[in-house]
Protein chains: 4
Amino acid sequence: MARPYNAFAGGDVGRIEALSDGIFAFAATLLVVDFHTPEAADMHSEAQLLAALSASAPRLIPWLMSLMTLGIFWIGQQTQLNLLERSNRDLSWLHLVFLAVVTALPFTTRLLADFLTYRTAFLVYWANIFLIGACLYATWSYAERAKLIREDAHGETSRAVKRRIVIAQSLYAVGALAGLVSVPVGIAFIILIQLNYAAAPRLPFLWRL
Amino acid sequence: MARPYNAFAGGDVGRIEALSDGIFAFAATLLVVDFHTPEAADMHSEAQLLAALSASAPRLIPWLMSLMTLGIFWIGQQTQLNLLERSNRDLSWLHLVFLAVVTALPFTTRLLADFLTYRTAFLVYWANIFLIGACLYATWSYAERAKLIREDAHGETSRAVKRRIVIAQSLYAVGALAGLVSVPVGIAFIILIQLNYAAAPRLPFLWRL
Amino acid sequence: MARPYNAFAGGDVGRIEALSDGIFAFAATLLVVDFHTPEAADMHSEAQLLAALSASAPRLIPWLMSLMTLGIFWIGQQTQLNLLERSNRDLSWLHLVFLAVVTALPFTTRLLADFLTYRTAFLVYWANIFLIGACLYATWSYAERAKLIREDAHGETSRAVKRRIVIAQSLYAVGALAGLVSVPVGIAFIILIQLNYAAAPRLPFLWRL
Amino acid sequence: MARPYNAFAGGDVGRIEALSDGIFAFAATLLVVDFHTPEAADMHSEAQLLAALSASAPRLIPWLMSLMTLGIFWIGQQTQLNLLERSNRDLSWLHLVFLAVVTALPFTTRLLADFLTYRTAFLVYWANIFLIGACLYATWSYAERAKLIREDAHGETSRAVKRRIVIAQSLYAVGALAGLVSVPVGIAFIILIQLNYAAAPRLPFLWRL
């Protein structure tokens with residue numbers, strides 16, 4: 001009987017890591033491409049240049065959000081991969097779906113920067129965060145079910161990985177609801193959530209999240 | 001007698017892997033650059049923005065096709081590289097040709113997105129998939145002939161690697177023929193083939209493909 | 001009691017290296033995207049093309065500055081990472097902040113190239129160098145405080161790492177002050193500092209910097 | 001006495017490799033960004049689209065040249081790095097200069113594609129190849145002088161590395177001279193040289209080059 005190709009395809013954790021590093025690196029660098037410099041022909045003084053730069057300062061907000069989003073999920077995925085015993089082709093594909101949703105972030109960031117007061121742009125951005133989180137949950141629960149995770153990652157560690165994603169996504173969803181009422185409030189809420197995850201303050205309650 | 005340079009040049013499998021990860025990562029991220037946000041000056045309401053975004057939704061189709069194409073061939077090449085005992089400069093060059101054809105994908109994707117109903121654009125896109133597959137077949141048959149593959153990869157495994165490519169490319173060719181009659185049917189057919197390879201459903205017949 | 005996620009998240013030095021290589025590689029290559037070729041329709045002779053190319057030669061100055069900036073900090077961060085015993089999630093985040101500031105360099109480079117005689121553009125560029133340096137100082141002093149550095153990197157080596165950054169940033173600050181008086185002088189001064197760090201001439205005084 | 005920073009900075013061959021893979025991968029993928037799709041509004045039939053695509057077919061020539069240039073020097077640098085015993089900060093900087101010249105290739109390629117019949121564009125392109133080769137010669141002769149290469153790489157192997165670069169650059173220089181008379185002849189000559197290095201035919205004379 002013929003040996004099925006799928007029995008030996010994929011399965012290299014190191015390659016998933018390397019591909020992920022490339023994608024996160026490009027996505028982060030690509031964000032800056034959307035910062036356009038003022039037209040040189042329109043600028044006639046230092047004051048004009050400064051004014052033009054200040055006028056595009058609000059674009060910094062989605063930029064910082066996206067840098068934090070990339071950082072949070074880069075570390076989140078890294079933590080999962082470090083807990084894997086091995087991979088297989090199905091898990092590789094789930095990580096490819098995760099990465100595909102990550103590559104959409106430069107677009108949703110630009111959309112939010114161009115339409116910073118529009119609920120539509122804000123919800124598309126939130127949907128991107130939600131999908132990244134949902135994929136990361138899927139990769140872990142598949143890895144656990146398929147017995148691809150390390151012996152010591154079962155039980156408490158596995159529950160912490162899943163709890164982390166569920167709590168974070170619940171908070172983001174509250175931010176999305178707040179954004180339905182007022183987009184600036186929604187954005188501020190999401191930034192606060194991200195700062196909490198990035199800075200991980202040693203406050204007893206927040207550290208547990 | 002002088003030692004020929006070609007006797008010791010190239011030959012590092014790890015470097016081929018790292019270069020490939022960079023190229024696949026960048027090609028995947030580059031696909032999103034083609035999603036343009038609507039002109040801010042033209043949008044005056046949420047409804048207008050939503051309508052403008054919906055109008056460019058068909059671009060999602062070639063995007064998803066190309067993400068799957070990249071995923072399928074990234075895993076396909078990875079599987080081959082994992083089965084290598086070592087490399088040499090000729091095999092490195094064959095992989096460089098394979099990667100060169102992969103870098104063309106962002107262009108053919110954009111062409112198809114811009115001309116989604118044109119047979120010309122569809123056939124150019126299919127030709128890209130065909131060339132990637134043909135190169136991947138060439139890397140393997142050269143590696144086997146030059147005795148660069150692992151002991152246990154000869155015989156059944158090697159036949160599975162080649163059978164996989166031949167069957168997939170035959171299916172894509174049927175999709176190309178269908179596209180000659182109707183481009184939407186051709187695109188739908190190719191997407192179904194790709195979903196099969198990405199999801200690898202456990203149906204006895206499809207799993208064997 | 002539940003196991004806190006933050007106790008086992010992040011902490012992989014190899015992944016920081018790989019992400020950094022991707023970001024520095026992409027930022028360096030992106031710099032060239034700002035070199036526009038002359039409009040083909042406007043050129044009617046070799047002399048015209050040569051004149052058009054010469055006219056944009058001043059853009060080479062910020063380009064070379066930024067290539068040196070990237071090189072200096074790529075080696076600076078690499079040296080730190082080589083001296084680490086291990087990492088943790090807080091140090092990973094500090095390196096992510098460092099990398100985020102690095103990704104801004106293609107923008108500040110373009111701004112300086114577009115407004116080569118403007119103090120505003122020059123100071124924004126200097127601020128970018130300053131922030132990269134400040135982050136690199138922060139990563140090291142945190143790593144030392146959190147006992148993440150190698151046994152033999154304490155004491156003299158650690159002092160050399162910090163002294164290096166402080167002296168370099170002091171020199172850049174002098175360059176920034178010079179630029180307040182005359183932007184060309186400020187740029188020339190910064191280029192000389194960078195050439196010193198890149199070429200590391202074996203002059204007793206400069207080698208110690 | 002204070003420990004000089006330069007005594008322990010840089011020196012990681014693996015990091016040079018990873019940075020190089022990122023830069024070559026990005027430069028190769030970036031080449032395709034210059035292929036513009038025809039304006040959708042201007043195309044009204046398959047024939048028009050096919051004609052528009054054919055009209056930009058000459059751009060394929062510099063594209064293929066640059067892919068081969070990248071491949072040749074990626075393998076050339078890889079071969080050198082494989083022969084290193086270790087690195088130091090000076091050698092790291094020489095490789096950074098080499099990589100900086102590589103990042104210029106997408107620009108010189110675009111220039112040649114836009115001005116395919118101009119001697120100026122052709123000579124700028126050739127100058128880029130020449131500088132990449134000169135840097136690669138410099139990295140090796142420095143590495144040899146500074147005793148950074150492996151024991152078994154001295155003597156015959158080292159001479160082969162240097163002879164390779166000198167002969168190749170001599171051939172490219174002949175191509176440049178031919179281009180002074182006729183640009184198409186110069187381009188054809190360089191492509192033939194590159195095909196020889198890429199394909200490495202087993203002809204006794206050419207294999208020795």
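Letters A, B, ... are given to chains in the order of the sequence lines, protein chains preceding strands, and every chain is numbered from 1.
A side-chain donor-acceptor contact under 3.5 Å links A:Q194 to the backbone of A:M65. Judged by distance alone, with hydrogens and angles left aside, the side-chain atoms of A:T157 form no donor-acceptor pair with the main-chain N or O of A:H154 at under 3.5 Å. For B:S182 (side chain) and B:G179 (main-chain N/O), no donor-acceptor pair under 3.5 Å exists by modelled atom type. Side-chain N or O atoms of B:R164 include none that pairs as donor or acceptor with a backbone N or O of B:G76 at under 3.5 Å. With hydrogens and angles disregarded, a donor-acceptor distance shorter than 3.5 Å links the side chain of A:S56 to the backbone of A:L53.
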Exercise for the section: Evaluate the side chain to side chain contact (heavy atoms under 4.5 Å, CB included) criterion for residues B:N82 and B:T79: first the C-alpha distance (whole Å), next the side-chain angles of each, then the deciding distance (0.1 Å), finally the verdict. Expected result: CA-CA 5 Å; B:N82 285 346; B:T79 304; 5.8 Å; no
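The closest side-chain heavy-atom distance from A:W93 to A:D90 is not below 4.5 Å. By the 4.5 Å heavy-atom criterion applied to side chains, A:Q80 and A:T139 are counted as neighbours. Within the 4.5 Å cutoff, the side chain of B:H95 has no heavy atoms near those of the B:E17 side chain.
Heavy atoms closer than 4.5 Å to chain B are found in both the backbone and the side chain of A:Y118. Using a 4.5 Å cut-off between heavy atoms, A:L116 makes no contact with chain B at all.
At a heavy-atom separation below 4.5 angstrom, chain A is approached by no residue within residues 120-137 of chain B. Within residues 19-51 of chain B, the residues having any heavy atom under 4.5 Å from a heavy atom of chain A are, by residue number, B:S20, B:D21, B:G22, B:F24, B:A25, B:F26, B:A28, B:T29, B:V32, B:V33, B:F35, B:H36, B:T37, B:P38, B:E39, B:A40, B:M43, B:H44, B:S45, B:E46, B:L49, B:L50.
Ranked by non-hydrogen atom pairs under 4.5 Å with chain A, the options B:I72, B:L67, B:L64, B:L70 are led by B:I72.
Between the side chains of A:W63 and A:T109, no donor N or O sits under 3.5 Å from an acceptor N or O.
The pair B:E85-B:K147 does not count as a salt bridge, with every side-chain nitrogen at least 4.0 angstrom from each carboxylate oxygen.
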